[in-house]
Amino acid sequence: MNGPVSIEVLRQHLIDPEICIRCNTCEETCPIDAITHDDNNYVVKADVCNGCMACVPPCPTGAIDNWRSVLKADAYSIDEQFTWDVLPEQNTMAVPAVDEAAAALADGSDEADGIEVDTVRGAVVPPWSAAKPYVNLYTHKTPTTATVVGNYRLTDAATSSDIHHIVLDFGAMPFPVLEGQSIGILPPGASADGRAHHARQYSVASPRDGERPGYNNVSLTVKRVSQQHGDAIDGVCSNYLCNLKKGDVVNVIGPFGSTFLMPNHPNSHLLMICTGTGSAPMRAMTEYRRRKRLKGATGKLMLFFGARTQQELPYFGPLTNLPKDFIDTTLAFSRTQGQPKRYVQDAMRERGADVANLLKDDNTYIYVCGLKGMEDGVLQALKEIAEQQQLDWEALWAKLKREGRLHLETY
Ligand code: NAP
């Protein structure tokens, strides 16, 4: 007689390689390190993932939200997942008559339905008044094209920071984007293993009605990558983009992102904190509000913007020309000769009383974008500023997240 056969079923969490834009958000969010990646794919370790769902809301494309019911003994290994170009079909032969709920129960993961967001540092929902975004209209398999209509260097030619403002026109092809969303660029060519390069993600720097109002175009803020961890490397996509000429045609996918969006109610305030090219979404939001202001938007705008030097700060000229009664801007330079190093969080502390006034207002929405390293510093500054005003930071932080009022996008 045969021995008992294990039919323990697993609701295996998988990432769709076709729409994943390899932005690393899931790996950073996972509280138990169940997600990893190689040069090809982001994958989930079946023996570690507990289905807590923390990674699902922050994913800009939805690639993370894929599940297959499999016999536990046959779970897809990460080595197998690394080789995938598409997700496998649900194998109905292997797991007869198992629906998702039963599979979750069989796996003992009774929390599979609930979304545990306490481990996430920013909001996983958009502001209540945000417009509805479109996502994934164009994918790796079905990209669209855009024509370069402008490519300008934003930073002083004497500096090593080569940051470009690039304008892409979609012509007659619909490409609706909202401020805070991003798009993917497919650079031509292939990596060493012969596979086509994956898309690189860039935040849109223009408002929803176009870089030029009424035009079907978007702008991007792109820094030429020529170094990584001190070693000389040529960033595949950033060099491609920075070298583009007017009239060149680019393959584009997206749009992506459904939470880092701006509120639309006219009395909402924006507290924006960014470094370097993380200014892209702030420019988009600011410009949208500038255009809307003429139509009665009354909320305040406060911006903290950090760069190495004034010469390396993208959009320095246009930014400093904006009326003071429209936007309250504080710049922080870290490498100005003869001056002490100053980061955005230092500037926030100096303006603590004004930041606190915004923190006390339920119509304030906070956006942080730029270097990963700034996230801790900015959250710490917000905590200190809140506590100086006898605000309970932990309670406020939780409320800001719950209400879609604290958005973090750092790389
Ligand atoms: P960067 O020039 O390297 O740095 C900008 C400023 O941030 C510098 O003054 C730098 O100071 C400072 N800084 C460094 N560590 C900090 C910390 N812990 N706290 C606060 N400030 C700190 O910046 P970048 O090369 O433009 O990079 C911006 C980042 O934004 C990139 O990681 C990019 O991926 C990301 N991003 C870009 C986009 C986009 O659309 N292009 C969108 C979202 C995010 P020092 O170096 O002098 O210490």
Side-chain angles (χ1 to χ4, degrees), residues 21-25 28 58 60 122 153-156 159-168 177-185 199-206 211 218-230 233 235-242 252 254-257 259-261 272-285 303-316 330-337 339-350 367-382 407-411:
I21 48 170
R22 282 88 180 159
C23 65
N24 206 48
T25 306
E28 274 168 26
R153 181 169 169 142
L154 291 167
T155 42
D156 194 300
T159 70
S160 61
S161 295
D162 187 6
I163 303 181
H164 285 235
H165 182 70
I166 299 168
V167 187
L168 301 176
V177 288
L178 291 173
E179 308 76 17
Q181 282 196 291
S182 53
I183 67 172
I185 302 290
R200 304 301 200 272
Q201 188 190 2
Y202 296 92
S203 297
V204 168
S206 49
E211 168 70 9
V218 301
S219 60
L220 307 176
T221 315
V222 181
K223 181 172 179 177
R224 189 188 292 277
V225 175
S226 49
Q227 259 198 28
Q228 199 171 43
H229 312 304
I233 62 143
V236 169
C237 198
S238 67
N239 279 279
Y240 164 65
L241 284 171
C242 290
V252 184
F256 307 120
T259 56
F260 194 108
L261 301 173
M272 301 173 280
I273 304 144
C274 63
T275 53
T277 53
S279 55
M282 313 311 182
R283 179 183 184 271
M285 292 185 191
L303 171 70
F304 291 94
F305 191 168
R308 295 175 184 178
T309 60
Q310 178 188 309
Q311 293 71 24
E312 290 170 271
L313 182 123
Y315 308 114
F316 178 77
T330 310
L331 306 177
F333 298 119
S334 58
R335 301 191 198 182
T336 304
Q337 272 208 331
Q339 303 281 325
K341 199 174 188 75
R342 192 157 167 268
Y343 280 166
V344 278
Q345 52 269 38
D346 303 318
M348 290 169 70
R349 282 194 190 87
E350 286 161 21
Y367 299 86
V368 181
C369 189
L371 293 169
K372 185 84 213 152
M374 76 188 284
E375 206 175 290
D376 282 340
V378 168
L379 288 172
Q380 182 61 28
L382 288 172
H407 296 276
L408 310 174
E409 193 161 289
T410 57
Y411 298 99

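Counting starts at 1 for both ligands and their atoms, following the listed order.
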What protein heavy atom sits nearest [atom], and how far away is it?
atom                    : result
atom 31 (C) of ligand 1 : Leu371 CD2, 4.0 Å
atom 46 (O) of ligand 1 : Arg335 NH2, 2.7 Å
atom 39 (C) of ligand 1 : Thr277 O, 3.5 Å
atom 3 (O) of ligand 1  : Arg308 NH2, 3.3 Å

Spacing of Asn24 atom CG and Tyr411 atom OH [to the nearest 0.5 Å]: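 That separation rounds to 9.5 Å.
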Euclidean distance, Met285 CE relative to Leu303 CG, rounded to 0.5 Å: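 Atom-to-atom, Leu303:CG and Met285:CE are 11.5 Å apart.
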Within the 4.0 Å heavy-atom shell around [X], which atoms of ligand 1 are there?
X      : result
Met374 : 17 (C), 18 (N), 19 (N), 20 (C)
Ala307 : 6 (C), 8 (C), 9 (O)
Cys369 : 42 (C), 43 (C), 44 (C)
Gly276 : 5 (C), 26 (O)

So, is [X] polar-close to ligand 1, with some N/O to N/O distance under 3.5 Å?
X      : answer
Thr221 : yes
Val222 : no
Glu409 : no
Thr275 : no
Ile163 : no

Ligand 1-proximal atoms of Lys372, by part, heavy-atom distance under 4.0 Å: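 Within the 4.0 Å criterion, Lys372 makes no contact with ligand 1.
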All salt bridge (charged side-chain N to carboxylate O under 4.0 Å, His left out) counterparts of Arg335, not counting sequence neighbours: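 With neighbours one apart ignored, the set is empty.
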Under the salt bridge (charged side-chain N to carboxylate O under 4.0 Å, His left out) test, residues paired with Arg342 that sit two or more places apart: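 Applying salt bridge (charged side-chain N to carboxylate O under 4.0 Å, His left out) to Arg342 gives Glu350.
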Can you check which of [options] brings a heavy atom nearest to [atom]?
atom                    : options                : value
atom 42 (C) of ligand 1 : Gly377, Cys23, Ser203  : Ser203
atom 45 (P) of ligand 1 : Ser161, Ser334, Ala381 : Ser334
atom 13 (N) of ligand 1 : Tyr343, Tyr202, Tyr411 : Tyr343

His407 and Tyr367 aromatic ring geometry - parallel, tilted or perpendicular at 30°/60° bounds: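 Parallel.
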